[in-house]
Amino acid sequence: MTARDIMGMDLFNVSEIKISGKNVLEIKFFDRQKALEKLGELAPQLDGGGESKRLIESIYGRDGDSL
């Protein structure tokens, strides 16, 4: 595998890559479902939906009402 191959990879869901032990490659992925569940738990604590709507808009880049 070359540097060019690596640069062409879609690593969006990868949170960490490391080599440990004797030639053991570890790849950790983001758990987006768990993150969304945690955000859902926090939503009632936010200011009447204003902050949660702004958060959704910043994540998705659009109006949160259309989700």
Side-chain angles (χ1 to χ4, degrees):
M1 183 172 280
T2 66
R4 175 176 249 153
D5 293 334
I6 294 170
M7 295 299 289
M9 292 179 160
D10 178 6
L11 301 174
F12 182 74
N13 291 314
V14 176
S15 67
E16 183 179 339
I17 299 174
K18 69 179 182 178
I19 297 176
S20 62
K22 295 189 179 210
N23 297 323
V24 175
L25 179 66
E26 293 182 41
I27 301 174
K28 293 184 182 179
F29 296 91
F30 290 108
D31 187 344
R32 285 176 169 56
Q33 180 65 37
K34 192 173 196 175
L36 288 171
E37 289 170 3
K38 292 294 181 186
L39 287 172
E41 291 172 11
L42 291 174
Q45 299 171 18
L46 300 174
D47 70 339
E51 288 183 15
S52 58
K53 183 177 180 192
R54 284 192 299 276
L55 175 63
I56 290 170
E57 289 171 351
S58 67
I59 291 171
Y60 289 101
R62 60 179 187 247
D63 184 6
D65 292 335
S66 64
L67 296 176

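All residue numbers refer to positions in the sequence shown, counting from 1. Hydrogens, waters and symmetry mates are skipped; everything else that's a heavy atom, side chains included, is used.
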Participant: In the single-linkage hydrophobic clustering (I, L, V, M, F, W, Y; side-chain heavy atoms under 4.5 Å), do M7 and I17 co-cluster?
Facilitator: no

Participant: Please list, one pair per line, the donor and acceptor atoms closer than 3.5 Å that link side chains of residues 27-35 to other protein atoms, with sequence neighbours excluded.
Facilitator:
unit_1	atom_1	unit_2	atom_2	d
D31	OD1	Q33	N	3.4
D31	OD1	K34	N	3.1
R32	NH1	N13	OD1	3.3
R32	NH2	F12	O	3.4
Q33	NE2	E37	OE2	3.4

Participant: Mark yes when over 12 heavy atoms from residues, nucleotides or ligands other than I19 sit less than 6.0 Å from its CD1; otherwise mark no.
Facilitator: no

Participant: Taking side chain to side chain donor-acceptor pair (under 3.5 Å) as the cut-off, I'd like each qualifying pair that reaches into residues 14-25, sequence neighbours left out, listed once.
Facilitator: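 Sorted pair list: S20-E26.
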
